[in-house]
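Position 1 is the first residue of the sequence; numbering continues from there.
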Amino acid sequence: MHTTIDSPPPVPAHRRPWWRRRWTVPLGLVTAGFLAFSLPPYLTGDSSLSRVPQPEGFGLHYPLLVAHVLFASVAMVTAFFQVWPWFRRRHPVWHRRAGRAYVFAGVLPAGLTGLVIGARTPFGLFLAVSDVLLALLWLAFTVAGWRAARARRYVDHRRWMLRSTVLTYSIITNRVWTGILIVALPPLQDILFHGDPDLMAWTISGLSGWLGWTIPLLAVEWYLEREVARRGRRTGGAAGMRQERAASR
């Protein structure tokens, strides 16, 4: 057995500098780019610039939508710092402050306003059910994570907050699915939607709404379960080695 002189041992993941985390820079850039594109129309106070049509007979829709967008933007920015291992390790005080901002100035007001505007979406019942369920789960996961941190159950806190963060960023995956469906479905408009453009728009909105958060949430659940299984194998292996050493004495 030999080692090569010019190949240093790999750096443990928890000691890697922030730029060695492959997802850190892309996530930061995607977050900044998404907010730079999505936020400005809602800072003007001009409802004609809204990217969401106003439902008839609900005058509060636009102000609630603006509030939802602003609070959700706070949630997205603080979520990035919450899941950034280098920031969490090097600046624990600011990690806790960002966490409080994420919960109380981000998710809670964004989730509550999202419940209302989601229930009154102009794109039909299929999307309304998705929006309401998403808002309820977002609120529940976030509160569960906050309570776990207060109780110093940090493993549970991390798991709940990963679920919450995935739902925070699901607006981005929603837009990705919207783009895919806008390209894929129009050629089938006459076959599937009998030439009705409104029906196709409702279908695209509903499908992208559901796919935007269910698939990422399933992915993070798979990741968390895989992490538990990997930890169990390590624990089992260590216990077996201890038993072998005790038997050999």
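Residues Val220 and Trp222 share a single hydrophobic cluster, defined by chaining ILVMFWY side chains whose heavy atoms lie under 4.5 Å apart. There is no path of hydrophobic side-chain contacts, each under 4.5 Å, that joins Leu181 to Phe123. Under the 4.5 Å side-chain heavy-atom criterion for grouping Ile, Leu, Val, Met, Phe, Trp and Tyr, Phe71 is not connected to Leu136 through any hydrophobic cluster. Both Met76 and Trp94 belong to a common hydrophobic cluster when Ile, Leu, Val, Met, Phe, Trp and Tyr are linked at side-chain heavy-atom distances under 4.5 angstrom. No single ILVMFWY cluster, assembled from side-chain heavy atoms under 4.5 Å apart, contains both Leu49 and Leu35.
The backbone N or O of Trp213 sits nowhere less than 3.5 Å from a side-chain atom of Ser170 that would complete a donor-acceptor pair. No side-chain donor-acceptor contact under 3.5 Å links Ser205 to the backbone of Trp202. Thr44 places a side-chain N or O within 3.5 Å of a backbone atom of Pro41 that can act as its donor or acceptor partner. With His68 contributing its side chain and Ala110 its backbone, the two residues share a donor-acceptor pair below 3.5 Å.
A salt bridge does not link Arg120 with Glu56: every distance from a Lys NZ or Arg NE/NH1/NH2 to an Asp or Glu carboxylate oxygen is 4.0 Å or more.
Note that CG of Leu207 and CG of Leu127 are 10.0 Å apart. Values are rounded to the nearest 0.5 Å. Taken to the nearest 0.5 Å, the CG atom of Leu115 stands 9.5 Å off from the CG atom of Asp131. Note: Arg51 CZ to Ser38 OG = 5.5 Å, rounded to the nearest 0.5 Å. Considering CG of Leu167 and CG of Leu133, their distance stands at 9.5 Å, rounded to 0.5 Å.
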- request: Decide yes or no on side-chain contact (heavy atoms from CB on, under 4.5 Å) for Trp177 and Ile215, but give the supporting numbers first.
  value: CA-CA 11 Å; Trp177 279 109; Ile215 291 180; 3.7 Å; yes
query: Stepwise, does the salt bridge (Lys or Arg N to Asp or Glu O under 4.0 Å) test hold for Glu225 with Arg230?
result: CA-CA 9 Å; Glu225 290 303 314; Arg230 191 165 56 241; over 6 Å; no
field: Derivation of the side-chain contact (heavy atoms from CB on, under 4.5 Å) call for Met200 and His194
entry: CA-CA 9 Å; Met200 186 177 69; His194 308 289; over 6 Å; no
task: For the pair Val74 and Val107, evaluate side-chain contact (heavy atoms from CB on, under 4.5 Å) and give the outcome as yes or no after the intermediate values.
output: CA-CA 8 Å; Val74 172; Val107 175; over 6 Å; no
- request: Before giving the answer on side-chain contact (heavy atoms from CB on, under 4.5 Å), spell out for Ile180 and Arg175 the whole-Å C-alpha distance, their side-chain angles and the decisive distance to 0.1 Å.
  value: CA-CA 9 Å; Ile180 292 172; Arg175 298 299 185 264; over 6 Å; no
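Taking each heavy atom of Ile204 and Ser208 in turn, the nearest pair found is O-OG, 2.8 Å. When all heavy atoms of Ala98 and Thr78 are compared, the pair lying nearest together is O-CB, 3.7 Å. Closest approach of Leu192 and Leu185 over heavy atoms only: CD1-CD2, 4.5 Å. Residues Pro216 and Gly212 come closest through the heavy atom pair CG-O, 3.2 Å. Nearest heavy atoms, Asn174 versus Gly209: ND2-CA, 3.4 Å. A pairwise comparison of heavy atoms in His95 and Phe81 identifies ND1-O, 4.4 Å as the closest pair.
Side-chain contacts under 4.5 Å among hydrophobic residues (ILVMFWY), followed directly or transitively, place Leu218 with no other residue at all. Hydrophobic cluster membership for Ile117: Leu39, Tyr42, Leu43, Val52, Phe58, Leu60, Tyr62, Leu64, Leu65, Val66, Val69, Leu70, Val116 (Ile, Leu, Val, Met, Phe, Trp, Tyr linked by side-chain heavy atoms under 4.5 Å, directly or transitively).
Residue pairs meeting the salt bridge (Lys or Arg N to Asp or Glu O under 4.0 Å) criterion with at least one partner in residues 143-156, sequence neighbours excluded, are Arg153-Asp156. Applying the salt bridge (Lys or Arg N to Asp or Glu O under 4.0 Å) test to pairs two or more places apart or on separate chains, those with a residue in residues 199-222 are Arg163-Glu221. Within the structure, salt bridge (Lys or Arg N to Asp or Glu O under 4.0 Å) contacts touching residues 91-108 (residues at least two apart or in different chains) do not occur.
The shortest distance between side-chain heavy atoms of Leu134 and Trp210 does not fall below 4.5 Å. Counting only heavy atoms from C-beta outward, the side chains of Met161 and Gln82 never approach each other to under 4.5 Å. Taking 4.5 Å as the limit, some side-chain heavy atom of Gln54 sits within range of a side-chain heavy atom of Ser50. Within the 4.5 Å cutoff, side-chain heavy atoms of Tyr169 are placed close to those of Leu27. Residues Arg159 and Leu162 form no side-chain contact, since every pair of their non-hydrogen atoms from C-beta on lies 4.5 Å or further apart. Counting heavy atoms from C-beta on, the side chains of Phe193 and Asp198 never come closer than 4.5 Å. With a 4.5 Å cut-off on side-chain heavy atoms, Thr165 and Phe80 do not count as touching. At least one side-chain heavy atom of Val143 sits under 4.5 Å from a side-chain heavy atom of Leu108.
Remark: aromatic rings of His157 and Trp146 are distant, center separation not under 6.0 Å.
Between Trp160 and Phe141, the ring planes are tilted. Angles from 30° to 60° get that label.
Looking at residues two or more places apart in sequence or on another chain, you find no ring-ring contact (aromatic ring centres under 6.0 Å, His included) involving Tyr102.
If you check the side chains of Thr168 and Trp138, you find a donor sitting under 3.5 Å from an acceptor.
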